[in-house]
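What follows is one structure encoded as structure tokens, with my remarks underneath.
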Amino acid sequence: MKRTIAERYQSQLELPYQSIKLGDSAQNEHRYKKIKLTGSYDHQRQMLLDNQVHNGQVGYHVLVPFIISRHEAVLVNRGWVALGERRDILPEIRPPRENQQLRGILTLPHNEGYRLGQVTMTDNWPQLIPYIDIDKIQSAFEYQLLPYVIWLAPEVDDYYVRDWKPVWSPAEKSEAYALQWFSFAFIVLVLYLSLNIKRTRTEEIDV
């Protein structure tokens with residue numbers, strides 16, 4: 001499964017940017033597509049996604065809504081920025097360089113696994129969030145946030161680090177783990193049988 005997803009992601013990267021119409025449906029159909037949109041950033045209401053690591057250093061991902069129609073917008077991940085000297089002081093977020101044209105990779109929010117903390121929206125910007133929950137983030141916006149996140153294209157001129165990788169372990173790594181655990185299970189089985197056979201023989205001798 002992971003190998004199939006990785007191959008699909010790589011194959012999409014080889015295609016040119018496409019203009020598509022976003023909506024609530026057909027989410028998986030557009031996943032990892034390189035897309036281009038026309039609209040404008042709502043750079044007054046940006047968010048920082050907490051606990052993001054780049055090259056061993058902790059920081060944030062910078063998120064900003066991109067308004068594509070009067071009633072709809074999509075979140076754009078502008079990239080990674082380092083944590084400052086103090087966690088209680090958020091880094092200054094600069095507005096996007098390009099405001100009308102958007103190029104990026106269309107993804108879905110990562111909603112699997114354990115979630116630490118709660119998404120609580122306030123009137124203070126930028127806001128710090130522990131994870132992306134579109135339904136909870138929606139309360140801070142009058143337009144509809146579509147259920148996507150766009151990774152800003154690495155070649156677009158902007159301030160933040162963009163080294164996009166889907167959140168998965170390589171298929172080869174998963175296969176190695178599976179082989180390792182199978183080997184452990186086999187060793188335990190051999191030891192169990194060996195000890196029980198030895199115990200049975202000892203009991204027979206004692207009798």
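Side-chain atoms are counted along with the backbone in the values below, which use heavy atoms only and exclude waters and symmetry mates.
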Using the rule that Ile, Leu, Val, Met, Phe, Trp and Tyr join whenever any side-chain heavy atoms are under 4.5 Å apart, tell me whether Y60 and M47 fall into a single cluster. no
Can Y160 be reached from L128 by stepping across I, L, V, M, F, W or Y side chains whose heavy atoms are under 4.5 Å apart? yes
Taking the six-membered ring for Trp, are H54 and W80 parallel (under 30°), tilted (30 to 60°) or perpendicular (over 60°)? tilted
Is the closest basic N to carboxylate O distance between R78 and D158 below 4.0 Å? yes
Decide whether a cation-pi geometry holds between R70 and Y143; the criteria are a distance under 6.0 Å from NZ or CZ to the six-membered ring centre and an angle within 45° of the ring axis. no
Going by the side chain to side chain contact (heavy atoms under 4.5 Å, CB included) test, name the single residue among L102, I105, V64 that passes it with L152. L102
Pairwise side-chain contact, Q144 with E72, heavy-atom cut-off 4.5 Å (strictly under): yes
Quick one: are I67 and V74 in side-chain contact, heavy atoms under 4.5 Å? no
Residues M121, K136; criterion side chain to side chain contact (heavy atoms under 4.5 Å, CB included); working and verdict: CA-CA 8 Å; M121 305 303 289; K136 293 182 179 179; 5.7 Å; no
Rounded to the nearest 0.5 angstrom, the OH-CD1 distance for Y148 and I35 is 9.0 Å
Check the hydrophobic clustering (I, L, V, M, F, W, Y; side-chain heavy atoms under 4.5 Å; chains of links allowed) and say if V76 and I20 are grouped together. yes
Closest non-hydrogen contact found for P91 with V81 is CG-CG1, 4.1 Å
May I ask you to test the V53-N51 pair for a side-chain heavy-atom distance under 4.5 Å? no
Is there a donor-acceptor pair under 3.5 Å between the side chain of T38 and the backbone N or O of Q101? no
Given side chains that start at C-beta, do those of F66 and Y41 come closer than 4.5 Å, heavy atoms only? yes
Less than 4.5 Å apart, any side-chain heavy atom of V119 and any of P130? yes
D50 side chain to Y131 side chain, donor-acceptor N/O pair below 3.5 angstrom: no
For R94, does the CZ atom have more than 12 heavy-atom neighbours from other residues, nucleotides or ligands under 6.0 Å away? no
In short, R45 meets A140 closest at the heavy-atom pair NH1-O, 3.1 Å
Sole candidate of I129, L63, L83, I93 that passes side chain to side chain contact (heavy atoms under 4.5 Å, CB included) when paired with L48: I93
Close side-chain approach of L75 to I132, heavy-atom, < 4.5 Å: yes
For the CD atom on E92, are there more than 12 heavy atoms of other groups (residues, nucleotides or ligands in this structure) within a distance under 6.0 Å? no
May I ask you to check whether over 12 heavy atoms, not counting those of R86, lie within 6.0 Å of atom CZ? no
Validation row: W164, N77 side chains within 4.5 angstrom (heavy atoms): yes
W125 backbone acceptor or donor facing Q46 side chain under 3.5 Å: no
Can you check whether V156's main-chain N or O pairs, donor with acceptor, with R162's side chain at less than 3.5 Å? yes
From L145 CG over to S139 OG, what is the distance, rounded to the nearest 0.5 angstrom? 9.5 Å
Report yes or no: do I134 and L49 belong to one cluster of Ile/Leu/Val/Met/Phe/Trp/Tyr joined by side chain heavy-atom distances under 4.5 Å? yes
Measure the shortest side-chain to side-chain distance between L37 and L22 over non-hydrogen atoms and say whether it is less than 4.5 angstrom. yes
Report whether Y17 and Y32 are members of the same hydrophobic cluster (ILVMFWY, side-chain heavy atoms less than 4.5 Å apart, transitive linking). no
Does L15 offer a backbone N or O that forms a donor-acceptor pair with the side chain of K34 under 3.5 Å? yes
